[in-house]
Amino acid sequence: MSSPTERSLSYVEALQEAVAQEMERDESVFVIGLNVDDHKAIQGTTQGLIDTFGPQRVMDTPLSEDAITGICIGAAMAGMRPVHVHIRMDFLMLCMNQLVNMAAKAHYMYAGQVSVPMVSRSIIGKSWGQGAQHSQGLHSMFMHVPGLKVVAPTNAYDAKGCMTAAIRDNNPVIFVEHRLLYSTDAPVPVEPYTVEFGKARISGQGTDITLVGVSYMLVECLAARDLLAEVGISAEVIDPVSLMPLDVDTIAASAEKTGRLLVVDNAWTAAGASAEIVAAVCERQAGTPLIVSRMGYAPTTCPTTPALEKGFYPNAATIASRAHAMVRPNDPAWVPDVEPTLPHEAAFRGPF
Amino acid sequence: MSSPTERSLSYVEALQEAVAQEMERDESVFVIGLNVDDHKAIQGTTQGLIDTFGPQRVMDTPLSEDAITGICIGAAMAGMRPVHVHIRMDFLMLCMNQLVNMAAKAHYMYAGQVSVPMVSRSIIGKSWGQGAQHSQGLHSMFMHVPGLKVVAPTNAYDAKGCMTAAIRDNNPVIFVEHRLLYSTDAPVPVEPYTVEFGKARISGQGTDITLVGVSYMLVECLAARDLLAEVGISAEVIDPVSLMPLDVDTIAASAEKTGRLLVVDNAWTAAGASAEIVAAVCERQAGTPLIVSRMGYAPTTCPTTPALEKGFYPNAATIASRAHAMVRPNDPAWVPDVEPTLPHEAAFRGPF
Amino acid sequence: MLSDLVSNSPFLGEVMSGNIPADPAIIARVYRSLRLIRRTEEEIARIYPSDKIKSPVHLSIGQEAVAVGVCDVLGDDDVMSATYRGHAAYLAKGGDLRQMMAELFGKAGGGAKGKAGSMHLVDMKANVLGMSAVVGTTIPIAAGYAFALGREGQGETERRITACFFGDGATEEGVFSETLNFAALHKLPVLFVCENNGFAIHSPLSNRWATEALCERVATYGIPTHSLDRDDVFTIRETAQKAADEIRHGGGPQFIECKTYRWREHVGPGEDYDDSYRNRADLEPWQARDQIKLTGDMLDAGERQAIDDEIETAIADAIQFAEDSPWPDPEELFNHVFAD
Amino acid sequence: MLSDLVSNSPFLGEVMSGNIPADPAIIARVYRSLRLIRRTEEEIARIYPSDKIKSPVHLSIGQEAVAVGVCDVLGDDDVMSATYRGHAAYLAKGGDLRQMMAELFGKAGGGAKGKAGSMHLVDMKANVLGMSAVVGTTIPIAAGYAFALGREGQGETERRITACFFGDGATEEGVFSETLNFAALHKLPVLFVCENNGFAIHSPLSNRWATEALCERVATYGIPTHSLDRDDVFTIRETAQKAADEIRHGGGPQFIECKTYRWREHVGPGEDYDDSYRNRADLEPWQARDQIKLTGDMLDAGERQAIDDEIETAIADAIQFAEDSPWPDPEELFNHVFAD
Ligand SMILES: Cc1ncc(C[n+]2csc(CCOP(=O)(O)OP(=O)(O)O)c2C)c(N)n1
Ligand SMILES: Cc1ncc(C[n+]2csc(CCOP(=O)(O)OP(=O)(O)O)c2C)c(N)n1
Ligand SMILES: [Mg+2]
Ligand SMILES: [Mg+2]
């Protein structure tokens, strides 16, 4: 029997536990967002909170993302710690003004007279026809604006630790959750703990090329690593975990070692996180030749039909293929002969 | 006497002329935005339009950026060509949902059944205490989203040609205008003409380093080039003109020639246009050592006081200094002894 | 005569409000439209578990009357805008059934070649504006289209109009208020129609609305409003007819709020009365007034059967069309990012 | 007695509405506040051409009575939120004058060390929430602060309240409607105050509002509203007093719309009656009711002089403080990006 501190939790359970423990620990924490209190409980991530903490601390809202974000900012300035839930990251576009012009700036603009400790949870969709407006990973926009922190944990352990850290953080944190990670399990300690922002993880060691996978793309990068191993290429896989602050040191050190850097984002590449990572690493290379590349969403809107969606996202095979071309530029192109769909993804069924 | 087609116009006059000519040429063009019809005429850029075209085609609006953007999208789908004016780029944060989730996606999502020919003019402020919320260059966010075009002309000639092209374009175009460019003059043909998007300009040739200046930073880069020339460094200066599409070819060719690339954006660097340009160029360097660097806003909110604002923006001296360090890494650091303020900027006075 | 039938039918008189149209063709047309929608969605629900339709479907089963009552008074060249819960409005406005089904199947024969799916249906040939999965976003766009129609119709006695459907939840978004103000200020030819089914996903009005005085609020913009406390199709039609006429003649926007009820789960093919946020008993009064049954009962049996048969054929044909339609070519991914 | 004076003064009775307070200390306090604001802004306008103040200033000259009437009934621990046109509200709520002046000068002694400038004044010691240059953005934030105050005051008979000022233009932003709905739904202790000066920059209401039925609209959320067609300080004070009391005791939000008039240009120190969007004649009735003059006339000459002198001293001191204050250290640029 595993000890209680070594039990395994899903990403969903880990998020739920982190929030529940912080609510227990600190009266000022509350959860707010459309349908956070219903029987579906945001895919289970707010499960039971309404029963334990009641409707004053687990609040359903009108469809008013902009005002609710402002309400959270005001409440945060007054000392509360809101966790605002958006069931799609796409909906953050409705509250950009509050996030960019107020949340990010208040502490600075008012020279420290207030702070804005709040978390904006935002979920990224994929597959089953999420389509144009329910699939966007828009974290790059938030990385751009000083004053916001952005984290995108890729496993249950980091999900709990980052959520705990985000709630305790005295700044606005954009918390990026990919739906396909929700069902993944990992050992998660029972006790509350924090995962420090700004520390990347080496998720798999290697010597020939560095793969950086953002959010769900970390999973695809790890699968690509396995495929690459089969053809004798050793890939090091890095999970940045937090995007702002970003641990350039770890990534640059790996890239220096392998001489090749492929950044795969769960987002478009143009002026995105992948551009930032590549540029930041290249700025540090004082003349050392380094081969770099980026992958991400196709430079298109996301199509609904699976026939086209397939081509929209990078996957283990396309990542491995690109990595192979970077490591062995003179070999013929190689595309591993595998289904582009990983088991978690295949297990995910609609409608929602 | 110069021929009429060679007369000089200010950036303001060039914008005004482009819009007036397109309104003359095409009945479906209209101008909409708060105060476009008043005596200040958006710093003169809409001067006289209300008299010539009347209140139906030059429309004041309520403060409702989100709805007005949607109104423009709907009108554009129906065949009109709105030019929506925002006196600060910061206010685009209020209509991100319409711009990102609808304008950018409609043509694709509806497989070509509609198109959205509209222009969002957005002005960037600087100096005289514009402060945190009136100074942001947020073009990078729009570069990130497929379906949007982004242009940032830096002189009166391009201002007219890009505006004409933007109005005629069948896609949503984010038109970025820096206030400090408004008073600058250039020869501008009388006849309507378009400046093609996706073609960078070499604004000054050189051999030792490539400087790319986005929006107003082009002016600072040109001034830096003069300073560098004094110490024997030859800088090539490139004006991307349009950011999406982006002319990576021209920039990469220059960088390959000089071996050094410094991108200076009128914006933050993190996941910004400067990251995109550096990353895109580095992806093309198959092992050729290239020294790259980025400059932009300090990674802070913009402070109001001139005492701190000074440090917030790159200027000719800091750009020259950085370039010098890149070209002569073994020399002691060099900061040219000049005022950080260029003449246009010094001429600019508040309050507005 | 149908009107005789009606006046002779105290049962109908009790459950159905509004004037039954004198013209039997209208009744038949309305019935046909209602039934086409219901049956199409029932078929979608039937097919759904096969995973042939891989996109979230938000069925309007139970709510058909709002779309049908309003769209029945629109001309072909009037324009209609709706939401991700848009099958009903799409079909009521005359959207292509084959293309819709192929779109749901993600096939190249879809109206948007599979790029749109259920949530973003579009058919500009039928003046069905593209729908959106982001609540409230289409409201200003519909008004903007009406803005253009208003310009085009200037000086004419009649102009084309836009009908804009949205849910109760959408009225909470700021853009709704902004749009009302602009539409009223510029007298845009737009008919706003709020399908108030009492829920946003599972959230009841009481969690979201400070008061239920929506019509009173809209009226403060100077917009004539019509509050319907149940979704009787002929009341809706009559209301929409009068409103549309006034809008068409330059009277500016009008607003209808119609109470209705979603019979199925928020998204997906099933029911969800065991899911704690509502009870089957809530459904019963709505089901008792099922507009399809009631309008069908007004027709004679033969006529009705003919319509029903025709509908089944059309649906079967559309499904077959969708099945037979090829997948979009992989290259299609890169089309339509930018318009030429 | 002042009240005698007033009832003896048909002139005052004519131009001033509302009950003149019986307590002479209140009149003196209100006068002091009004005059402090007016004189401070006049000094800012005087200094402005020297370029010592390098940030856009939006003067409230002429509009002081709204801020003063409302803030006079707030306790020190009540909270106040205002806009970029916020000098009046800042001072009326007891914001630090020295820090304000140093802030305008961009000096380290400013409340925000020069980072804020005129448009983002803040003084949390006086419970002055930070202001914003993006119209409407502070409305939900003020409500959010009130949300926290409501929680803190739960079970108490009285709770702290937030007063939230904004202009007529701000009511057009969707976030205003969204906030009203949420505030009413959750009975937040917030007093919304719309300073309706008829313009957004140079745009008149007629270009922006479909109707002027703002109070009627707000009332549909179940929010008690008060429409004041002129800015008589004691009417405002009385209205605010009653509203604040009810809010304090758990009655939920209230709303005041007060007509007022901006005497100077939208931004900057000057006047703009030659700029075609309005006439000096429009100003005259407002100037005739100048609240500073009227309240000053209620005081006896000696008391008034003492107040005036004290104000001049305070302003001179604040300007001197600003002059003497050092520039912020360049390193300050990098402070406060993130809170620890
Ligand atoms: C802006 C936005 N916020 C939240 C959502 C998530 N969401 C999808 S449907 C829905 C319910 C909307 O309710 P309503 O407008 O009443 O329409 P109904 O589904 O009842 O037809 C919500 C909240 C969304 N799609 N868009
Ligand atoms: C969201 C937004 N849109 C536009 C502007 C430009 N702007 C600055 S002040 C102002 C007028 C606002 O009018 P009102 O709310 O009535 O306040 P007033 O200036 O009259 O006090 C406008 C439109 C802005 N600052 N923010
Ligand atoms: Mg609903
Ligand atoms: Mg105003």
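Labels below follow one simple rule: chain letters A, B, ... track the order of the sequence lines, proteins then strands, and each chain is numbered from 1.
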Hey, does the side chain of B/N101 reach the backbone of A/D90 with a donor-acceptor pair shorter than 3.5 angstrom?
yes
- prompt: Are B/R294 and A/E276 close enough that some pair of their side-chain heavy atoms sits under 4.5 Å apart?
  reply: yes
In terms of heavy-atom pairs under 4.5 Å with chain B, the winner among A/A271, A/A275, A/G131 is A/A271
Value for CE (B/M96) from CE (A/M93), rounded to nearest 0.5 Å, stands at 5.0 Å
(request) For atom NZ of B/K257, decide whether the heavy atoms of other residues, nucleotides or ligands shown that lie under 6.0 angstrom number more than 12. (result) yes
Chain B shares the most heavy-atom pairs under 4.5 Å, among A/I277, A/V281, A/L94, A/L261, with A/L94
Notebook entry, point to check: With a 4.5 Å heavy-atom cut-off, do A/V145 and B/M141 have their side chains touching?
Noted result: yes
Cut-off 4.5 Å, heavy atoms of chain B, and the answer for A/P329 is neither
Whatever's closer than 4.5 Å to a heavy atom in chain B on A/M244 counts as side chain
- Message: For a 4.5 angstrom cut-off between non-hydrogen side-chain atoms, does B/Q133 reach A/M102?
- Response: yes
Chain B shares the most heavy-atom pairs under 4.5 Å, among A/L99, A/N97, A/L138, with A/N97
Just wondering, do A/C302 and B/Y108 contact through their side chains at under 4.5 Å, heavy atoms?
no
For A/M143 and B/A270, the nearest pair of non-hydrogen atoms, with its separation, is O-CB, 3.5 Å
Given B/P299, B/A279, B/P146, B/S140, the one with more heavy-atom pairs under 4.5 angstrom with chain A than any other is B/P146
Chain A shares the most heavy-atom pairs under 4.5 Å, among B/S274, B/G259, B/A132, with B/A132
Side-chain heavy-atom pair B/V100, A/Q136 within 4.5 angstrom cut-off: yes
When the 4.5 angstrom heavy-atom criterion is applied to A/A280 and chain B, the contacting part is both
Here the pair of heavy atoms bringing B/H144 nearest to A/W268 is CE1-O, 3.0 Å
- Message: Within the structure provided, determine whether A/T304 and B/M109 are in side-chain contact (heavy-atom separation under 4.5 Å).
- Response: no
